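The block underneath contains the structure these notes are about, expressed in structure tokens.
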Amino acid sequence: NLDGTGSGTFKMAWSPSAGRAVVIGTDLTKPGSDKAYELWRIDADGAHPTRLLDKAGDGQIRRVLDVSGSAVQWAVTVEAEEGADEPTGEIVYSAAA
């Protein structure tokens with residue numbers, strides 16, 4: 001579970017050996033016009049975008065992602081719908097890896 005200040009919940013399962021993650025968001029608020037939720041893999045070098053870009057139009061996110069590298073933390077921010085190379089929005093959900 002990723003804890004946060006946003007409405008609804010974010011859950012994820014990650015397999016470093018498989019390089020894949022499953023992300024489930026439920027009862028989420030729409031992030032706003034031209035915005036999307038973005039998941040970040042955070043390691044000792046900083047935050048890395050996973051390119052999970054989802055508007056959660058129906059309040060739900062169900063995604064399987066390819067994720068390379070290690071992580072010490074996961075975070076979700078609200079970004080421009082085309083994504084960002086660095087987090088620009090506040091962290092709305094996060095969890096230790």
Side-chain angles (χ1 to χ4, degrees):
N1 292 330
L2 283 78
D3 296 321
T5 58
S7 67
T9 60
F10 257 99
K11 297 180 181 186
M12 69 175 293
W14 171 53
S15 171
S17 61
R20 305 209 20 134
V22 175
V23 181
I24 299 171
T26 306
D27 297 325
L28 301 170
T29 304
K30 292 180 184 177
S33 178
D34 300 328
K35 301 285 186 183
Y37 289 102
E38 186 157 6
L39 176 70
W40 301 88
R41 177 184 60 83
I42 301 171
D43 64 15
D45 294 325
H48 308 277
T50 64
R51 298 301 182 208
L52 164 72
L53 294 166
D54 202 308
K55 296 181 84 48
D58 61 355
Q60 311 297 313
I61 293 175
R62 305 278 189 269
R63 300 289 279 291
V64 177
L65 306 169
D66 292 324
V67 178
S68 62
S70 62
V72 295
Q73 183 178 2
W74 296 96
V76 175
T77 61
V78 174
E79 302 293 343
E81 66 185 341
E82 64 274 2
D85 291 329
E86 298 178 4
T88 62
E90 71 178 72
I91 294 174
V92 291
Y93 300 92
S94 68

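Every value quoted in this text rests on a predicted model; they were computed, and no experiment measured them.
Classification of K55 and E81 as a salt-bridged pair holds, one side-chain N sitting under 4.0 Å from a carboxylate O.
At a threshold of 4.5 Å between non-hydrogen side-chain atoms, the residues R51 and E38 count as touching. The closest side-chain heavy-atom distance from I61 to I24 is not below 4.5 Å. In this structure the side chain of T9 never reaches within 4.5 angstrom of the side chain of N1, judged on heavy atoms. K11 places none of its side-chain heavy atoms less than 4.5 Å from the side chain of Y93. Using a 4.5 Å cut-off on side-chain heavy atoms (C-beta onward), T26 and R62 make contact. W74 has its side chain within reach of M12: a pair of non-hydrogen atoms, C-beta onward, lies under 4.5 Å apart. Counting only heavy atoms from C-beta outward, the side chains of V78 and Y37 approach each other to under 4.5 Å. The shortest distance between side-chain heavy atoms of I91 and V76 does not fall below 4.5 Å.
Heavy-atom neighbours of Q60 CD from other residues, nucleotides or ligands within 6.0 Å: above the threshold of 12.
Side chains of T77 and E90: no donor on one and acceptor on the other come within 3.5 Å. Side-chain N/O atoms of T50 and W40 include no donor and acceptor closer than 3.5 Å.
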- Check the pair D43 / S70 against side chain to side chain contact (heavy atoms under 4.5 Å, CB included), numbers first and verdict last. CA-CA 6 Å; D43 64 15; S70 62; 4.2 Å; yes
- Full working for side chain to side chain contact (heavy atoms under 4.5 Å, CB included) between V67 and R20: CA-CA 5 Å; V67 178; R20 305 209 20 134; over 6 Å; no
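Side-chain heavy atoms closer than 4.5 Å link hydrophobic residues (I, L, V, M, F, W, Y) into clusters, and following such links, possibly through other members, connects V92 to L52.
Rounding to the nearest 0.5 Å places CG of D58 at 9.0 Å from NZ of K30. To the nearest 0.5 angstrom, H48 atom NE2 is 9.0 Å from S68 atom OG.
Between W14 and A97, the shortest heavy-atom contact is CZ3-CB, 4.1 Å. Scanning all heavy atoms of the two residues, the minimum distance from S94 to Q73 falls at CB-NE2, 3.5 Å. Summarising the geometry of A36 relative to L53, their closest heavy-atom pair is CB-C, 4.1 Å, with the distance given to 0.1 Å.
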